[in-house]
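So that the names make sense, note that chain A is the first sequence line, chain B the second, and so on, each numbered from 1.
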Protein chains: 2
Amino acid sequence: MPEILTQSIQDYLKHIYKLNENGDAASTNDLATRLNIAPASVTGMLQKLANSKPALVLYKKHQGATLTKPGEKAALEVIRHHRLLETFLVTTLGYSWDEVHSEADKLEHVISEDFEARIAKALGNPSRDPHGELIPTADLVMPSDESRPLASLRTDEAATVKRVSDDDPALLRHLREIGVVPEVKLTIKNYSEFDGNLTIKVEGQKSNVVLGKEVTSKVFVDK
Amino acid sequence: MPEILTQSIQDYLKHIYKLNENGDAASTNDLATRLNIAPASVTGMLQKLANSKPALVLYKKHQGATLTKPGEKAALEVIRHHRLLETFLVTTLGYSWDEVHSEADKLEHVISEDFEARIAKALGNPSRDPHGELIPTADLVMPSDESRPLASLRTDEAATVKRVSDDDPALLRHLREIGVVPEVKLTIKNYSEFDGNLTIKVEGQKSNVVLGKEVTSKVFVDK
DNA sequence: ACAATAATTTAGGTTCACCTAAATTATATT
DNA sequence: AATATAATTTAGGTGAACCTAAATTATTGT
């Protein structure tokens, strides 16, 4: 039924996409948490999205939702808008990387394809946003991502920061302060079995930092 | 009741403001036409806006609506957003003046005060948009406008174009073609009593043009 | 295996902003 | 002044996207 993709539907698809990236179907509860709405409301919407033609999600009771091809294309369109906008806000209007997320969350739903094309061109068709996150291409293909969580590294391993999660401004300000930004190299000095903390030497920083899983699961690196 | 100004309410206030500029209260029918909705829906919304606290409009049955102070401030905020955005799109993204209106109509409702401040600064706090329309100041005061419709001029009068209506792309393309843009000088060569047509010599153009009231009522000039 | 707990769904609202059709009120014509 | 016409309002919907409370289904610990 939704030949019109409302703002709300776009948000559902975007979050289902992100939850699907971790391998499994997006659960009702996880979606409710991320969308800040009641689980019961999510059930209703998933049923609607699954029964629309074309179906945007694949949904089996109690087993969460997965995107169909059309649903994935729609999700990638929103994500492309979001990441291009974040890049644009930083590059053109001097926003810092912790300030762009909420602004992009509102703008992503209202810009035209023309606007998208114009900022993409003005920015030189970037492949990553200011947080290092990959930008879907104009034909809505998500480039492959080799990076893995910083949390998966162990003592003496070295790697390069590729991207960080963009949705927590406080975390972003902290990461900037300790120099953990895309393309910076780092080395693991110690791994603690008990709490999963990592002691890390960051390229260009005098002293080591100790980061917990809350942080290291949101930073992604390449070897 | 609306301590939250929905997109829809913002649109009502903006259009009531523009209708009020012509001296009289905004009628139910005129609003319905401009908002592309049924007159009955307008009545409902005007009642709501009049009964909200603070009241955003002054409304008496069958006599149309006028903005209250809070309503006017809210309207000017939307208009400031719109006109700054139009200026930004033209200056920064290379849009032409006939392409910006619909994009700004969507963006005006979602940008933050921070975004507004950033583009205002980047543009050097402009006082007019690309169509010459005055931009309300940051403290939401509309600068006074001395201009009058081109349609009010008569044979041998000369004037400078100050602004043109921004909402009809086809008209804007035509005006650009014949050189009728802000700050251009022109002289009335003839006025026709029968149809109100004006024959006009536009500065920098070889031949005169004849414009009907549909056009001359949407171009504003200063002596 | 069975109860306790957690996750999910169903059922029955609500609000917002629109709609149509019918009734009413204003305005204009003669 | 009476009537035709136009503008406006009332009344009674609708669909989208939420909500809460209760019921159901899954999962987990012992």
Side-chain angles (χ1 to χ4, degrees), chain A residues 1-16 19-20 22 24-53 55-66 71 74-75 78 105-106 108-110, chain B residues 1-16 19-20 22 24-53 55-66 71 74-75 78 105-106 108-110:
Chain A
M1 293 141 177
E3 219 9 48
I4 260 113
L5 298 180
T6 64
Q7 215 156 294
S8 178
I9 290 176
Q10 290 179 30
D11 273 335
Y12 274 91
L13 296 177
K14 178 175 75 168
H15 283 100
I16 294 168
L19 288 166
N20 285 172
N22 313 331
D24 19 49
S27 79
T28 301
N29 243 16
D30 285 356
L31 275 170
T33 302
R34 276 165 184 68
L35 294 167
N36 258 293
I37 57 182
S41 305
V42 173
T43 300
M45 180 62 99
L46 290 180
Q47 289 167 345
K48 180 176 152 188
L49 296 178
N51 294 328
S52 71
K53 52 172 192 184
L56 297 171
V57 310
L58 230 122
Y59 172 63
K60 284 269 172 63
K61 273 189 188 187
H62 296 277
Q63 292 173 214
T66 304
V78 179
D105 259 356
K106 292 180 298 174
E108 66 189 10
H109 305 296
V110 304
Chain B
M1 294 138 177
E3 221 7 51
I4 261 115
L5 298 182
T6 63
Q7 215 155 293
S8 179
I9 291 176
Q10 289 179 31
D11 274 335
Y12 274 90
L13 297 177
K14 179 175 73 168
H15 283 100
I16 293 168
L19 288 167
N20 285 173
N22 312 331
D24 21 49
S27 78
T28 300
N29 244 15
D30 285 358
L31 275 170
T33 303
R34 276 164 184 69
L35 294 166
N36 258 295
I37 58 182
S41 305
V42 173
T43 299
M45 181 60 100
L46 290 181
Q47 288 167 346
K48 180 175 153 189
L49 296 178
N51 294 329
S52 71
K53 52 173 194 185
L56 297 171
V57 310
L58 230 119
Y59 173 62
K60 284 268 172 67
K61 273 190 188 185
H62 296 277
Q63 293 173 214
T66 303
V78 179
D105 259 356
K106 293 180 299 175
E108 66 188 11
H109 305 295
V110 304

OP1 or OP2 of [N] under 4.0 Å from side-chain N/O of [X]:
X	N	result
B/Thr28	D/dT9	yes
A/Tyr12	D/dC18	yes
A/Thr43	C/dT10	no
B/Lys48	C/dA17	yes
A/Ser8	D/dA16	no
B/Gln47	D/dT10	yes
B/Asn29	D/dA6	no

Determine the minimum heavy-atom distance between [X] and [Y], stating which atoms define it.
X	Y	result
B/Ala25	B/Thr66	CB-OG1, 3.8 Å
B/Ala50	B/Tyr59	CB-CB, 3.8 Å
B/Leu46	B/Val57	O-CG2, 3.9 Å

*Using modelled atom types only, decide if a donor and an acceptor are shared between the side chain of A/Asp30 and the backbone of A/Ala26 within a distance under 3.5 Å.*
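Not a single qualifying donor-acceptor pair exists.
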*For B/Asn20 and B/Ala65, indicate whether the former's side chain and the latter's backbone hold a donor-acceptor pair under 3.5 Å.*
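Side chain of B/Asn20 to backbone of B/Ala65, a donor-acceptor pair under 3.5 Å: yes, one is there.
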*Under a 4.5 Å cut-off applied to non-hydrogen side-chain atoms, are A/Leu13 and A/Val78 in contact?*
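The answer is no, as the side chains (C-beta and beyond) never meet within the 4.5 Å cut-off.
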Round to the nearest Å and state the distance from [X] atom [atom1] to [N] atom [atom2].
X	N	atom1	atom2	answer
A/Lys60	C/dT9	NZ	P	13 Å
B/Leu31	D/dA7	CG	P	14 Å
A/Leu19	C/dA7	CG	P	15 Å
A/His15	D/dA17	NE2	P	16 Å
A/Met45	D/dA16	CE	P	9 Å
B/Leu49	C/dC18	CG	P	11 Å
B/Leu35	C/dC19	CG	P	10 Å
B/Leu46	D/dA7	CG	C1'	14 Å

*Those residues that, when tested against A/His15, pass side-chain hydrogen bond (donor to acceptor under 3.5 Å, both in side chains) (two or more places apart)*: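 In terms of side-chain hydrogen bond (donor to acceptor under 3.5 Å, both in side chains), with neighbours along the sequence ignored, A/His15 is linked to no residue.
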_Out of C/dA17, D/dA16, C/dT8, whichever nucleotide has its closest atom nearest the side chain of A/Thr6_ =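 Of the candidates, D/dA16 comes closest.
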*For each nucleotide in nucleotides 20-27 of chain C, reading 5' to 3', give B when a protein heavy atom comes within less than 4.0 Å of its base, S when such contact involves only the sugar-phosphate, and - otherwise.*
BB---S--
